[in-house]
Amino acid sequence: MVRPEVRWLQGTIDVVGLDEGAVLPPGFAWDARTGSHRAPAFAYPALVWQLIRGGVAFDDRAKAYEELPAGARELPRLRDYQEAALDAWAAGRGGGVVVLPTGAGKTLVAIAAISQRRRATLVVAPTLDLVRQWATQLGRAFGGEIGVVGGGHHDVRPITVTTYESAHLHMGNFGHRFGMLVFDECHHLPSDAYATAARMSLAPFRLGLTATPERADGRDAELSRLIGPVVYRRDIVELSGEFLADYEAVRVTVRLTDEERALYERERGIYRAFVSSQGIRMSSPSGWTDFVIQSSRSEEGRRAMRAYVAQRRVAFSPPSKIEHVGRLLARHAGERAIVFTEDNATAYAVSRRFLVPVITHHTKVRERAEILERFSAGTYDVIATSKVLNEGVDVPDASVAVVSSGSGSVREHVQRLGRILRKKGDKRATLYELVSEDTGETYTSERRRQHSAYR
Amino acid sequence: MRRVKGELRLVPLSPAAREEARATAESLLSAAHAAIGASRGEVEAAWADVPTGPSGKRLRDGILKVVADACEFDSPDGEQAAALRRAVFAGATAARAAGALDRAQVLGLAGAAFGLTPDEVEARLYADLPDAHPLVRVGFQRADAVVDAYVAGQAAAVLLRATRVVAEVTCGSAGAYRALFRALKFHRLLFHAEALEDGAYRLTLDGPMSLFQSTRRYGLALALMLPYVAACERWSIVADVAWGPTQEPLVFRARGEGGEGVASAPLPDEVDALRRAIGRASLGWRAEAARRLLPVGAGGVIVPDLCLSRDDGARVYLEVLGYFRREAVFQRVDAARGLRERVLFAASDRLRVSEELLGDDVPASLYIYKQSMSARAVLARADALAARGVDQPSGEG
């Protein structure tokens, strides 16, 4: 009998040497193009398990990952809940999601897990800032060079950090070189493109990290298939005080000036009249899509869309609100603050008005790193940003967050709060949320505060 | 674009729509040419003033994209802007810590170090942002050329969402077929070629993951293939498309004729590396991209990658089978007896086939390599093949 061979091909697993009728684990199909059984690489552990259990001798030419020569050389003592999270993950046979609030030390749990399994590991993070941060921390923990793929780098090493975007692009090339995957901010994973990347890796060990696994589209259920079930969960309120900084969330109502109010009412009137004339219910699940479709079909509709954008801009980023940001920065002079905005234009407006650095997706990686270093050193006291700093980036010195504007996303709002919660001494954190009075933004604010952290 | 009974159809521009597209292109081009030297933000603001015609926003946006993609913006050195920002933001932090922020004073102090006034500092603070980049060149001069590019780009845009394409092609020359097949190899698409009765070929194109899910992963490669297919004398494609946010499965058909053929297509990296290595080896052989297709059997064809020529005139073709087509090796073995050229097939040892599959009585042999191909090993086998007699036609053209 021919000894079957398991091979890797661009994110898939090929089994050569078995008859077409051979029964293999779910996911495998006969590929007439190549005369072999094929499955997404994701099916590799189940295949190996079945072959071994069935006593089938085979040549494994798919797995190309190595065992790390040593675990972490420098690993701080884990807190009780980190230890419990690690145990829960290990008990889940190496596949699962750990849910911990920002600042609770998810990275340390991952480093301990990598150290425990000692397999070549690919860490996937949503932004280049986080890639840089992970590379620094992994380098410190394990020593040696850490590979980076993304942002102009393509250096694959036994421990490598990449972005979701680069993982999507390159998993077909290197998905066989890692035995463990760590998905940071893993709520990003359940999209068509990124999920495919997870399926194109043969890694048997998978760890997901997030503070907020829930997704508005309900696709968080896919995390269980791509990584594993939620194996451990603690919330902000459970850790506040002892492990996270004490905090206060303050909602500030900002009154529009007469000119701003007049502009807002006029544009909102145009938008509302169109919506009403078309019978569109904006509160229905298809409301926004209906509006986009209808508004593109006539000049009146296009005017309504421009009016929608204009009234939103007035509500979210009126000059009066930006002036209020200035008052808050003055009140907290001497502290480190982050100003969050809904859009880049407002972030740059804040930067120009108060002469503070800004980080958006336009900011080059080197300058982002420099801004964060100078912020940490106190050379800069404020950073303005739109969405880039929402997630993960470690700014332990920040104690004030000013949400000048944002979306209705609970996750975004919780993540922004998380930026200032990392415990440092007896730091007490304050999150200000600026809301324009009697505008649609009030409703947006209500939606994003649907979390225990704001009750 | 229109959906008709499960099909996605490109709606040809009516004379009125074409005129509208031309007028839109004319306005956008005029705005762009008048804005040479202005910032991207200003150019885009000027474009925003160009009205939408009766055909709607989609046509306008499509024409705008063609014009915008052909515009060239300068990217000024960001170093000075970054240095200015460092000075300004550090100055502002110090001022706040000292009690109050005086913008003019901070800008003045920072600017003094660069020989700039406060207004100049403000103007240059973010001069490196894309919105601030100045327009230096507009790619199109004529509105008709913009509209032609828009029409040509629509089919390719659909193929970006394709999951699988079946193409039937008729080429006027072997070179055009070769360029087409080589392009398929270069883009690492899996393809199945089937010879049709009238000398045409039916090609089924997709990638490894296509077996499990309708994936748009290969859409870019499939879209990049279109110019090669459209260069054929006669061609038609049937594409399975996952359309829109819901990835609705639709079929897209297109056809054309009168293509002038593709002059060349790039060699895959590993083949080009071998070509260069053979040139450096100084063993009396030179290698160049093969220009012929080699007919075998009934309707079959071999698409060699390289033509190896020895100083004494001996010629051996090389086809790299790589590592993902075991069945292709057996097809070649079956076809080898009918060859009228000497052919060396190179296959990875991962295919688990033996070099002994081909005996000395055929003008072909197998080279099984580990990891990567060796120029010396290839040429040793080429020398052995060259010693075998073959009723070889003349010329490589």
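Here is how names work: the chains are called A, B, and so on, in the same order as the sequence lines, proteins then strands, and each is numbered from 1.
Side-chain contact check for B:Leu129 versus A:Tyr348: some heavy-atom pair is nearer than 4.5 Å.
Atom OG1 of A:Thr379 sits about 13.5 Å away from atom CZ of B:Phe89, to the nearest 0.5 Å. If you take CZ on A:Arg7 and OG on B:Ser348, they are separated by 8.0 Å, rounding to the nearest 0.5 Å. Separating the NZ atom in A:Lys364 from the CG atom in B:Asp128 is a distance of 5.5 Å, to the nearest 0.5 Å.
The minimum heavy-atom distance linking B:Arg103 with A:Arg352 is given by the pair NH2-O, 2.7 Å. Summarising the geometry of B:Tyr126 relative to A:Ser351, their closest heavy-atom pair is OH-OG, 2.6 Å, with the distance given to 0.1 Å. Minimum interatomic distance between B:Arg96 and A:Leu355 (heavy atoms only, all atoms of both residues): NH2-O, 3.9 Å.
Contact annotation for A:Ala330: neither backbone nor side-chain heavy atoms come within less than 4.5 Å of a heavy atom of chain B. For a residue to count as touching a neighbouring chain, one of its non-hydrogen atoms must lie under 4.5 Å from one of that chain's; by this rule A:Arg336 does not touch chain B. Proximity to chain A is absent for every atom of B:Asp61, based on heavy atoms less than 4.5 angstrom apart. Using a 4.5 Å cut-off between heavy atoms, A:Glu5 touches chain B through its side chain atoms alone. Only the side chain of A:Arg302 comes within contact range of chain B, with heavy atoms under 4.5 Å apart.
The neighbour count for A:Arg177 CZ, taken as heavy atoms of other residues, nucleotides or ligands under 6.0 Å away, does not exceed 12. In A:Arg306, the CZ atom is crowded: over 12 heavy atoms of neighbouring residues, nucleotides or ligands sit closer than 6.0 Å.
In summary, B:Arg86 and A:Glu373 do not engage in a salt bridge, as defined by a charged side-chain N under 4.0 Å from a carboxylate O.
Contact count against chain A (heavy-atom pairs under 4.5 Å) is highest for B:Pro130 among B:Pro130, B:Ala97, B:Ala82.
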